[in-house]
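Heads up, the thing below is written out as C-alpha cells.
Note that the coordinates shown come from a computational prediction; the quantities given were computed from them, not determined experimentally. The chains referred to below are lettered A, B, ... by the order of the sequence lines, with proteins before strands, and numbering in each begins at 1.
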Protein chains: 4
Amino acid sequence: MTYYAFASDNAAGASGPVLAALVEANAGEAAAYGEDALSQQLDAAFSAYFRRTVRVFVAPTGTAANALALAALVPPYGDILCHGQAHVLTTECGAPEFLAGGARLTPLPGGADRIAPAVLAAALAARPANRHRRPARALTLTQATEAGTLYTPEELAEIAGIARTHGLRLHMDGARFGNALAALGCAPAALSWQAGIDILSLGTTKNGTLNAEAVVVFDPALAEDVAYRHKQAGMLTSKMRFVAAQLLAYLRDDHWLANAAHANAAAARLARALGATPGCRLLHPVQTNQVFAEIASTVQARLERHGIRLRRWGAGADTFRLVCSFATTAAQLDGFAAALQQEAGAAAGAD
Amino acid sequence: MTYYAFASDNAAGASGPVLAALVEANAGEAAAYGEDALSQQLDAAFSAYFRRTVRVFVAPTGTAANALALAALVPPYGDILCHGQAHVLTTECGAPEFLAGGARLTPLPGGADRIAPAVLAAALAARPANRHRRPARALTLTQATEAGTLYTPEELAEIAGIARTHGLRLHMDGARFGNALAALGCAPAALSWQAGIDILSLGTTKNGTLNAEAVVVFDPALAEDVAYRHKQAGMLTSKMRFVAAQLLAYLRDDHWLANAAHANAAAARLARALGATPGCRLLHPVQTNQVFAEIASTVQARLERHGIRLRRWGAGADTFRLVCSFATTAAQLDGFAAALQQEAGAAAGAD
Amino acid sequence: MTYYAFASDNAAGASGPVLAALVEANAGEAAAYGEDALSQQLDAAFSAYFRRTVRVFVAPTGTAANALALAALVPPYGDILCHGQAHVLTTECGAPEFLAGGARLTPLPGGADRIAPAVLAAALAARPANRHRRPARALTLTQATEAGTLYTPEELAEIAGIARTHGLRLHMDGARFGNALAALGCAPAALSWQAGIDILSLGTTKNGTLNAEAVVVFDPALAEDVAYRHKQAGMLTSKMRFVAAQLLAYLRDDHWLANAAHANAAAARLARALGATPGCRLLHPVQTNQVFAEIASTVQARLERHGIRLRRWGAGADTFRLVCSFATTAAQLDGFAAALQQEAGAAAGAD
Amino acid sequence: MTYYAFASDNAAGASGPVLAALVEANAGEAAAYGEDALSQQLDAAFSAYFRRTVRVFVAPTGTAANALALAALVPPYGDILCHGQAHVLTTECGAPEFLAGGARLTPLPGGADRIAPAVLAAALAARPANRHRRPARALTLTQATEAGTLYTPEELAEIAGIARTHGLRLHMDGARFGNALAALGCAPAALSWQAGIDILSLGTTKNGTLNAEAVVVFDPALAEDVAYRHKQAGMLTSKMRFVAAQLLAYLRDDHWLANAAHANAAAARLARALGATPGCRLLHPVQTNQVFAEIASTVQARLERHGIRLRRWGAGADTFRLVCSFATTAAQLDGFAAALQQEAGAAAGAD
C-alpha cells in the first residue's frame with residue numbers, strides 16, 4: 001500500500017459539517033428504509049437545489065448510481081454512447097451492462113475526454129438501423145470529465161439536442177458535479193435538466209461525504225421504475241437517515257460549493273506550480289480539481305526525496321494524475337510547490 | 001409516518017463504540033476502494049472470528065449481500081430453495097433473481113419459519129430431473145429465522161448434509177446472525193462453515209452499525225468470482241475505511257455479542273410480559289430478539305392510550321411484531337410491561 | 001426410449017399441406033432474415049386471421065415464444081401471475097425469468113388448471129404495494145389450458161378486466177390455440193385481442209407444423225421492442241421463408257381448423273371409451289385434444305399386452321395423459337377402444 | 001426487396017439430400033424434445049466427425065448458437081475478445097451480451113478480419129488486473145472469417161496458447177466452418193478441439209440445411225451447463241427429429257464437404273473474373289466462398305443492364321460482397337463473367 005500525494009478526492013473523509021450531521025442523526029430511533037424524517041426531506045431538498053420537482057435515490061457508490069440510472073434508460077438491446085475514457089466504460093467492471101441486462105457501452109473519441117457535438121452527430125448518422133444492429137438509446141456524459149475538463153451549458157444543450165433527435169435518453173455521470181458547477185459558476189439546473197439530462201448521478205462522496213451518492217431523476221415518468229430497480233439492486237438502505245443526514249448537510253448553506261471551490265482552487269495552484277516547472281507539462285486544461293501532467297523522470301525522482309510520490313495515470317510513461325479535495329491543505333500545496341521548484345532547478349542544474 | 005414501539009432493530013443508530021470508530025477513521029487521508037489500512041484488516045479479523053481463512057466483502061444492505069451471495073452460488077437456470085417466509089423471497093423485490101440473472105426462489109413450508117430436514121429431503125426427492133425443469137442448486141437458510149427462531153448446529157448440519165447430497169450449495173442469511181449466536185451460545189464457526197455454509201450474509205446493521213453488512217465467503221474457490229460480482233453490482237465503496245472501521249469495532253472485544261445478548265434479553269422480557277397477559281399469545285417461541293404475538297383488540301386500544309402503537313405483522317388481524325435491539329432501554333421495557341399489566345387488567349374488568 | 005401411445009401432439013410430423021409448402025419454398029433463391037416474399041406476407045396473413053393489424057415474429061419453440069412475449073411485458077422486477085400448472089412455470093426451465101432478466105412467476109391455484117376471476121381478484125387485492133415487494137405486472141393464461149380445458153371469451157374478458165384494473169399486461173400461451181378455437185367455435189379475434197390479450201404465443205407445431213411458432217403482437221406500441229428482443233434472443237432465422245411457408249399453409253383454407261377439429265374429435269372418442277370403462281375415470285372435462293385419466297393398475301397392465309403403454313402424468317400413482325393430434329388415426333382410436341373394452345371386462349371378471 | 005446476385009449463402013434453400021432426409025423424417029410418429037431416434041444419433045455422429053466424444057445442441061440461428069456458447073464460457077463480468085468485424089459484435093444485436101447476462105465484447109484490430117497472435121498477446125498484456133476492470137475470460141474467433149479468410153491450424157494453436165496462458169476459454173464461430181475445412185483440407189478435429197477450441201458454433205444453414213445450427217461442446221465439463229442454458233434460452237425444439245435429420249444428412253457421405261468445396265470453387269471463379277477486370281480489385285484474398293471487391297462505378301452501372309445488382313458491403317463507396325453457395329450454378333458464374341468481361345471492356349472503351 002503505497003501512499004500517493006494528491007492521490008484522489010476519495011482519500012479524504014467527511015467534511016466537518018457532514019460528519020457532525022451524521023453524528024447528530026445518531027440520536028434516538030427512527031423509521032427504516034427511508035421512512036424517517038431526514039430521508040423524507042431529500043426530495044424536497046434536491047428539488048429546491050434543482051429548482052424543479054425531482055425524485056432522489058441514494059446509492060452507495062458512483063458505480064451503483066450510474067448503473068441504476070442507465071438501466072432505467074435503456075433496454076437490454078440498447079446501446080449507450082459514451083466517451084472512450086468514461087468511467088462507466090473503463091472502471092466499473094461492467095456494472096451498467098449488468099444492471100441493464102446486456103446493454104452495451106459504445107465509445108466515442110474526443111480530446112480532453114470530451115465528446116464533441118459533431119463527433120456525436122456523425123456517429124449517430126453512421127449507424128445502420130436494422131434488427132441486426134443494436135439501436136443507440138442513451139448517451140452518458142461525465143461532468144466534470146475524466147480529464148477534469150468541462151462541458152458548458154451551451155455545449156450540453158447542443159449535444160442533448162443531437163441526442164434527442166436520434167431518440168436517445170441522457171444521463172450525466174456527475175461524480176464531480178459540484179466541481180463543475182463551481183468552475184462554471186452555473187446553477188445546478190443549468191448543467192442538468194435545463195440542458196436536457198434525464199437522470200443525473202450526483203456524486204457527493206468525492207466532495208465531502210461518506211459513500212453517499214444521489215441518483216436524481218428529472219423525468220417524473222421514470223421515477224417509479226427507478227424506485228423498483230433501486231430496491232431490486234439492493235440499494236435501499238435500512239438506516240437511510242445516516243445517508244440523508246449527510247446529503248442534507250451537503251446541500252445546506254452551499255456547503256458543497258465551498259468544498260468544491262476549495263478543491264478547484266487547490267488544483268489551480270498545483271497547475272500553476274507544474275506549469276512553471278521545466279520538465280513538466282499539463283496534459284489537459286485544469287478546469288476543476290484534477291491535474292494531469294507529464295513530469296520528467298528526473299524531476300519525479302527528486303520529488304520522492306521529499307516523500308512525494310505521485311500516481312501514474314494513463315498510457316504515458318511519465319504521466320500522472322494529481323487530485324485535490326475539500327481537505328487539501330495549504331501546507332500540502334506549499335510543500336509540493338516548494339519541492340517542485342527546488343528540484344526542478346536542481347534537475348536543470350544537473351543536466 | 002406513524003412511529004411504532006419496538007418497530008425494528010433497524011430503528012436504532014450506531015452503538016457507541018461503532019460510532020466512535022467511524023469518527024476516529026475520519027482523521028487524515030486514506031487510500032480508496034479497500035486499499036486503506038482498516039479495510040485491509042477485514043479478512044484477517046473475520047478469519048479470526050470464524051477460525052478459518054475467509055474473504056469478506058462489504059455490502060450496503062442485507063438485500064445486496066444476499067443477492068450477491070446467491071448470484072455466486074447458482075446459474076441463471078438454478079433454483080434456490082428457501083422458506084416461504086424467507087426475506088429473500090418476500091421482501092427484497094426480487095434482488096436474488098435479478099443479480100443471479102433469472103434464478104428462481106422456490107418456497108418450502110415449515111412451522112416457525114423453519115425448514116425441517118424431512119421437508120427438504122422430500123422436496124428434493126420429488127423434483128424431476130430433466131432439462132425442462134430447473135435444477136435445484138442452492139439452499140438458503142435464515143438464522144435467526146424471520147420468526148426469530150433458530151436452527152441448532154446439529155439441525156444445520158443435518159440440513160446441509162441433505163442439500164449436499166443433492167448437489168446444492170448453501171447460503172445463510174445472517175441478518176441476525178449475532179442474535180442467533182448469542183442465543184445458542186455457539187462459536188461463529190459452529191453456525192456457519194462447520195455446519196456446511198458456503199457463503200454467509202453477516203448482518204451487523206441491525207446489531208449496532210450503520211448500513212455495514214458483510215458477505216463472508218468460506219469456500220476460497222468462490223472468492224474471486226464474488227470479488228468481481230461485488231464490483232459489478234456497484235458495492236465496492238470508495239471510502240471503504242468507514243465501513244471497515246465499523247465492522248472492526250463490531251468484532252472487537254465481543255462487542256457484537258454484548259449487543260446481541262442485550263437485544264435477546266430485552267425480547268425475553270417482552271415475551272414474559274405478553275405471555276403473562278390475558279388476551280395475548282406468543283405466536284412463536286421467543287428465542288432471539290423478535291417477538292411475534294397476538295394481542296386482543298381491546299388490549300391494543302388501551303395500549304395506545306399510553307402512546308404505545310405496535311406494528312401489525314403477518315396475515316392475522318391482531319398479530320404484531322415487536323423487535324428489540326442493543327439500544328432498547330429498561331425504561332422502554334418497563335413502560336411497556338406496566339402499561340400492559342394495567343390495561344390487560346382493565347380490559348379483563350371491562351368484559 | 002419407451003414409446004407411448006397418444007404420448008403427445010408433438011409426436012406427429014408436418015401435415016400434408018404444410019410439408020408441401022415447405023418443399024415448394026425450397027425452389028430457387030430468396031432473401032434472408034425475413035426479407036423474402038413469403039416472410040413478408042406473414043403480417044398481412046395474420047392480420048387477416050385476427051381481423052386487426054398485428055405484427056408477427058417466428059419462434060423455434062413455444063418456450064422461446066412465451067419467454068420473448070413475457071420479457072416484452074414485464075421489467076426485471078415485475079411479477080408474472082400464472083396458474084400453478086402453467087407450462088411457463090413448470091416446464092420451461094425458467095426461460096421467462098431469464099429472458100425477462102430476473103422476473104418472477106407467481107402461481108395461482110385453480111381447478112382444471114384454470115384461474116378463476118375471483119382467485120385473481122383476491123390475489124391482486126392481497127398484494128402489498130411497497131418497494132420491498134415485486135409489483136405484479138403481467139398475467140399469463142394458457143388456452144387451451146395444461147389440463148385441456150378452456151376459458152370462454154366471456155371468462156377471458158372478465159379476467160382481463162380485473163388484470164387491467166391492477167395495471168397488468170396480458171399474455172396468452174396459445175400452444176393449443178387452434179384446439180381452443182375449434183372447441184369453442186370462436187373467431188381468433190374473440191379469444192385474443194378482443195378479450196384483452198396484448199401478446200399471444202400462437203403455437204402451430206402441435207397442430208401440424210415443424211417447429212414454427214408465432215409471437216403475435218396486438219399492441220402496436222410493443223412491436224419495435226419485441227423486434228429487437230427477438231433478434232437479441234437469437235430467433236431471427238436466416239432462411240425464414242421455410243418457417244413462413246409453413247405458417248402461411250397453416251392459415252390457408254382453414255387448414256389449422258381442420259387439424260384442430262380432428263384432434264379434438266379424436267380426444268373426445270378416447271374420453272368416451274375411458275369414461276365407459278370400469279376402473280377408469282376422467283380427471284378433467286375433455287374439451288380439446290388432451291385426455292387426463294385415472295386408470296386402474298389392473299387395466300393398465302392388461303393394456304400393455306396389446307402393446308399400449310400410456311404416459312404417466314401428474315402426481316397420482318395411476319394418472320395418465322393421452323393426447324391426440326391432426327395425425328391420430330381411426331385405427332389408433334379403434335384399437336385403443338377395443339383393447340380397453342376387452343381388458344376392462346377381463347379385469348372386472350378377474351376381480 | 002431488391003434481389004442481389006450472389007447476395008448470400010443464406011439465399012439458397014436446402015440441398016437435395018438434406019431436404020430428402022427432412023421429408024423422410026416426416027413419416028410416422030416420434031418422441032419429442034430430442035428423445036427420438038434421429039436426435040439420439042447426433043452426439044455419436046458428431047463425435048465420429050470430430051474423432052472425439054462431443055455433446056451437440058441444436059440451435060435455430062447462428063446468433064443463438066454463438067450467444068449460447070459464449071454464455072457458457074464467461075460470467076456476466078467477463079470480457080470476450082473478438083475481432084472488430086466479428087459477426088457476434090456487429091450483427092447479432094447484442095445476443096452474446098444478453099445471454100451472458102452483461103458480458104462485454106471487446107474488439108481487436110487486424111487485417112482481413114483476422115486476429116494476429118501478436119495483437120492478441122499485446123492486448124492481453126496491456127489489460128490491468130484489478131476489480132475495477134472486467135477480466136478477459138474468452139476469445140471468439142470466426143472461421144472462415146467475416147472477410148472469407150482463414151486461420152491455419154498452426155495459427156489457431158498459437159492463438160489458443162496465448163489465450164490459455166491468460167486464462168481465456170475459446171469459442172469458434174464456425175458459421176462457415178465447412179468452407180474453412182474444404183479450403184484448408186483439414187480434418188474437423190484439426191480446426192477445432194485439437195487447436196484448443198472449447199465450444200464451436202458449427203453452422204450448416206449456409207451450406208445446405210434449413211435453420212439447423214449445431215453447438216458442439218468439446219469440454220465435457222461444460223455440457224450439463226450448456227444443456228440447461230440451451231433449454232432456458234428456448235432452443236430445445238419439440239420436433240427435433242427434423243433438425244437432426246438434416247444434420248445427419250449433412251454429415252453423411254461427406255455431403256458437407258461436397259457442398260463447401262462447390263461454394264469455394266464458385267467463389268474462386270468469381271474472384272478470377274473480377275481480378276482480370278480493369279476497374280475491379282479484390283479486397284481480401286479469396287480463400288473460401290466469399291468475395292469482397294471494389295468495383296468501379298462505371299462497371300457497376302453497366303452490370304445492372306444485365307440484371308446483375310450486387311450488394312454493397314463495408315465502408316467503401318464502391319465495395320461489394322459476393323457469396324457463393326452449394327447451389328451456385330455454372331450458369332450464374334458464366335453469366336456474371338461474361339457480363340463483366342463485356343462491360344469492363346465497354347467501360348474501358350468509354351473512358
For Thr91(A), is it the side chain, the backbone, both, or neither that has a heavy atom closer than 4.5 Å to a heavy atom of chain B? backbone

Is Ala14(B) in contact with chain A via its backbone, its side chain, both, or neither, using a 4.5 Å heavy-atom distance? both

Region of Leu99(B) that comes under 4.5 Å of a non-hydrogen atom in chain A: both

Any donor-acceptor pair under 3.5 Å from Arg241(A) side chain to Ala25(A) backbone: yes

If you count the non-hydrogen atoms of other residues, nucleotides and ligands that lie under 6.0 Å from CD in Glu304(A), is the total more than 12? yes

Which atoms of Phe242(B) come close to chain A, meaning under 4.5 Å heavy atom to heavy atom: side chain ones, backbone ones, both, or neither? side chain

Under a 4.5 Å heavy-atom cutoff, which of Ser325(B), Gly94(B), Ala327(B) has the most pairs with chain A? Gly94(B)

Under 6.0 Å from the six-membered ring centre of Tyr33(B) and within 45° of its axis: does the NZ or CZ of Lys239(B) meet both? no

Between Phe57(A) and His230(A), ring centroids under 6.0 Å: yes

So, the part of Thr329(B) with a heavy atom under 4.5 Å from chain A: the answer is neither

Just checking, any donor-acceptor pair under 3.5 angstrom between side chains of Asn259(A) and Tyr250(A)? no

Closer than 4.0 angstrom, basic N to acidic O: yes or no for Arg269(B) and Asp334(B)? yes

To the nearest 0.5 Å, atom CG of Asn179(A) lies from atom CD of Gln290(A) at 8.0 Å

Is Ser238(B) in contact with chain A via its backbone, its side chain, both, or neither, using a 4.5 Å heavy-atom distance? both

Interface moiety of Leu68(B) toward chain A, non-hydrogen atoms closer than 4.5 Å: neither

For chain A, find its close neighbours in residues 208-217 of chain B: heavy-atom separation under 4.5 Å, sorted by number, or none. Gly208(B), Thr209(B), Leu210(B), Asn211(B)

Asn207(A) and Thr204(A): side chain donor to acceptor below 3.5 Å: no

